Amino acid sequence: MLVFALLATANSGGYRYGVGDQAFYIPATELRLTPDAFPRDRALIASQARLTIVDEALAASARITGADLPTLFLALYALTLVTIALGADRLARALGGSPWMSAAFGLLLTMRHRIAKTGANTLEGYMHPRMLAFGVGLFALTAALERRWRWTVALWALAAVIHPTTALWFGVLIGGGLVADALVRARGGRVLAVMLVTSGVLLAAGMLGVGDLLVRHLPADRRMD
């Protein structure tokens, strides 16, 4: 666990002001704690903060514990790394892997990758709800593989509360796996499963191609929109 945490932090891209998403989460939480903060930027912060409950949860945690925000975010960062490491271990074992496979899986997860055409990374060197939701999502995926459906739903719902878009992709993965499993078990379902997967791949490729063309024809100052 210690080796995983050190490697994950060392391999992260660091924090760049105005690019890292902490530029939103910290002031959004501060605004919940101090309503008269950021008089000029309050409208902008609030418009995005209303889409999640993370800022409310962080502010409530700060009030209950009495911790300042740097201490709170550091503790949550440590919790995030522990959750990801344990989730990776559980998933590897659910797939029938050995402890060495589990260690290799954890090692791979410490490697940072920049998300295409963004300033965000798959692994950040600071607390981010997306990373915590990913760790919880690993547990949800493991529960689905073990066919513990109540835990699957509960863990996926928790991930959705923490970071909805991260949980969305775990929902696609788990739901798609359930559909594929049902098709494979049904008579003649394997052919239908292959057809569905092929159609999905072609549709996804077409959507990515069209999206890329649209972005390329937009003025540079409109691409973020």
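By convention here, the first residue in the shown sequence is residue 1. This one's a predicted model, so the numbers in the text were calculated from it and none came from an experiment.
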Would a 4.5 Å heavy-atom cut-off, applied to side chains only, mark [X] and [Y] as touching?
X: Pro35; Y: Arg42; result: no
X: Glu146; Y: Arg90; result: yes
X: Asp55; Y: Tyr25; result: no
X: Leu86; Y: Phe139; result: yes
X: Leu132; Y: His163; result: no
X: Leu74; Y: Tyr126; result: no
X: Asp68; Y: Leu72; result: no

From [atom1] ([X]) to [atom2] ([Y]), nearest 0.5 Å:
X: Leu107; Y: Met111; atom1: CG; atom2: CE; result: 5.0 Å
X: Arg93; Y: Thr142; atom1: CZ; atom2: OG1; result: 11.5 Å
X: Thr110; Y: Phe4; atom1: OG1; atom2: CZ; result: 6.5 Å
X: Leu203; Y: Thr198; atom1: CG; atom2: OG1; result: 12.5 Å
X: Ile26; Y: Phe73; atom1: CD1; atom2: CZ; result: 5.0 Å
X: Leu91; Y: Ile84; atom1: CG; atom2: CD1; result: 13.0 Å

Co-membership, hydrophobic cluster, residues [X] and [Y], 4.5 Å side-chain:
X: Ile53; Y: Ile162; answer: no
X: Leu141; Y: Phe134; answer: yes
X: Leu155; Y: Val82; answer: yes
X: Leu58; Y: Met131; answer: yes
X: Leu173; Y: Trp169; answer: no

Query raised in the report: Is there a side-chain contact (heavy atoms from CB on, under 4.5 Å) between Val136 and Phe170 once you walk through the steps?
Result: CA-CA 10 Å; Val136 176; Phe170 274 101; over 6 Å; no
Query raised in the report: Residues in salt bridge (charged side-chain N to carboxylate O under 4.0 Å, His left out) with Arg147, at least two apart?
Result: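 For Arg147 the salt bridge (charged side-chain N to carboxylate O under 4.0 Å, His left out) partners, ignoring immediate neighbours, are Asp181.
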Does any N or O in the side chain of [X] come within less than 3.5 Å of the main-chain N or O of [Y], such that one atom is a donor and the other an acceptor?
X: Ser98; Y: Met101; value: yes
X: Thr65; Y: Ala67; value: yes
X: Asp41; Y: Leu44; value: no

If every non-hydrogen atom of [X] is compared with every non-hydrogen atom of [Y], which pair is closest and at what distance?
X: Trp151; Y: Ala143; value: CB-CB, 4.0 Å
X: Ala144; Y: Thr152; value: N-OG1, 3.1 Å
X: Leu138; Y: Ala88; value: CD1-N, 3.7 Å
X: Arg32; Y: Ala59; value: CB-CB, 3.5 Å
X: Ala167; Y: Ala159; value: CB-C, 3.6 Å
X: Val54; Y: Pro129; value: CG1-CG, 3.6 Å

Query raised in the report: If you count the non-hydrogen atoms of other residues, nucleotides and ligands that lie under 6.0 Å from CE in Met195, is the total more than 12?
Result: no
Query raised in the report: Does CH2 in Trp149 sit with more than 12 non-hydrogen atoms of other residues, nucleotides or ligands closer than 6.0 Å?
Result: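 Check passes, neighbour count above 12.
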Requested in this report: Check whether the side chains of Asp89 and Ser102 place a donor and an acceptor atom closer than 3.5 Å, and report yes or no.
Outcome: yes
Query raised in the report: Any side-chain donor paired with an acceptor under 3.5 Å for Thr9 and Tyr77?
Result: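 Per modelled atom types, Thr9 and Tyr77 side chains form a pair under 3.5 Å.
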Query raised in the report: Yes or no on side-chain contact (heavy atoms from CB on, under 4.5 Å) for Leu109 and Leu123, after CA distance, side-chain angles and deciding distance?
Result: CA-CA 8 Å; Leu109 285 178; Leu123 189 70; over 6 Å; no
